[in-house]
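Just below is one structure, and these are the notes that go with it.
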Amino acid sequence: KIRVVYLYEQARSKMEAMQVAFSEQNFDLVHRLHGEILSLGQDIGQAGESYKAASVLVMQAADQFLQRSEIVREFLAKQVSVEGVVMAPEGSHAIIDGNLIPEGGQIHGGLLETVLRDRVIFRYHGEQIAHKFGRF
């Protein structure tokens, strides 16, 4: 039981690091931590039948972060270029790849969800992806 608690705490700590790496878009670190967490999850599961559920939950949480990371990475690989924004009470727009895209408009398989003064927020396969631009 003591070993399982130790393994679980290690997995939890690595999940926190994975979350930070995800928010910083450090996808290589997310991938490396995913492997380490899976290994810890397997070790937890091997400790006995009563720990199988905890093992599965640890591995599922790591898999979810990895999947989210891959979605963001895929969108960023499209190299969306935001040149500026047009803010207006009747509807804001962003100039993206030389095109004027309205808030709510489609772009590169995603949606321009929100236009703000210093950034735009896209929604791509369920993930919100903020993109700062200009001098900010």
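As the structure is a computational prediction, the values presented were derived from the model and not from experiment. One is the number of the first residue; the rest follow in order along the sequence.
Shortest non-hydrogen contact noted between L112 and P102 is CD2-O, 3.6 Å. Taking each heavy atom of I129 and Y124 in turn, the nearest pair found is CD1-CB, 3.9 Å.
With values rounded to the nearest 0.5 angstrom, H131 atom NE2 is found 8.0 Å from I96 atom CD1. Considering CD of Q25 and OG of S69, their distance stands at 9.0 Å, rounded to 0.5 Å. The CZ atom of F122 lies 9.0 Å from the CD1 atom of I101; values are rounded to the nearest 0.5 Å. Summarising the geometry, atom NZ belonging to K78 is positioned 10.0 Å from atom CD1 belonging to I107; distances are rounded to the nearest 0.5 Å. H125 NE2 to R123 CZ: the interatomic distance, rounded to the nearest 0.5 Å, is 12.5 Å. Between the CG atom in L33 and the CD atom in E16 there is a gap of 11.5 Å [rounded to 0.5 Å].
The hydrophobic cluster containing L111 does not contain F75, counting ILVMFWY residues as joined when their side-chain heavy atoms lie under 4.5 angstrom apart, directly or transitively. When the side chains of ILVMFWY residues are joined at heavy-atom separations under 4.5 Å, either directly or via intervening members, L38 and L66 end up in two distinct hydrophobic clusters.
Using a 4.5 Å heavy-atom threshold, the side chains of L29 and F22 count as separate. Using a 4.5 Å cut-off on side-chain heavy atoms (C-beta onward), I121 and L116 make contact. T114 is not listed as a side-chain neighbour of V120, based on a closest heavy-atom distance of 4.5 Å or more. You'll find the side chain of V82 stays beyond 4.5 Å of the side chain of I95, heavy atoms only. Contact check for F27 versus H31: no side-chain heavy atoms found under the 4.5 Å cut-off. Side-chain contact check for M87 versus V115: some heavy-atom pair is nearer than 4.5 Å. Contact annotation: the side chain of E127 approaches that of R68 to within less than 4.5 Å [non-hydrogen atoms, C-beta and beyond]. No side-chain heavy atom of I37 sits less than 4.5 Å from a side-chain heavy atom of F65.
Sorted by first then second residue, the side chain to side chain donor-acceptor pair (under 3.5 Å) pairs that include residues 84-106, not counting sequence neighbours, are D97-H108.
Q46 is linked by a side-chain contact (heavy atoms from CB on, under 4.5 Å) to D43, counting only residues two or more places apart in sequence or in another chain.
Other residues, nucleotides and ligands place no more than 12 heavy atoms under 6.0 Å from the OH atom of Y8. Remark: Q19 CD is loosely packed, at most 12 non-hydrogen atoms of other residues, nucleotides or ligands lying under 6.0 Å away.
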Side chains of residues 51-64: which donor-acceptor pairs under 3.5 Å do they make with residues two or more places apart or in other chains?
{"residue": "K52", "atom": "NZ", "partner": "G45", "partner atom": "O", "Å": "3.2"}
{"residue": "S55", "atom": "OG", "partner": "G41", "partner atom": "O", "Å": "2.6"}
{"residue": "D63", "atom": "OD1", "partner": "H34", "partner atom": "NE2", "Å": "2.6"}

Chi angles and distances behind the side chain to side chain donor-acceptor pair (under 3.5 Å) call for Q79, S81: CA-CA 6 Å; Q79 298 182 353; S81 174; over 6 Å; no

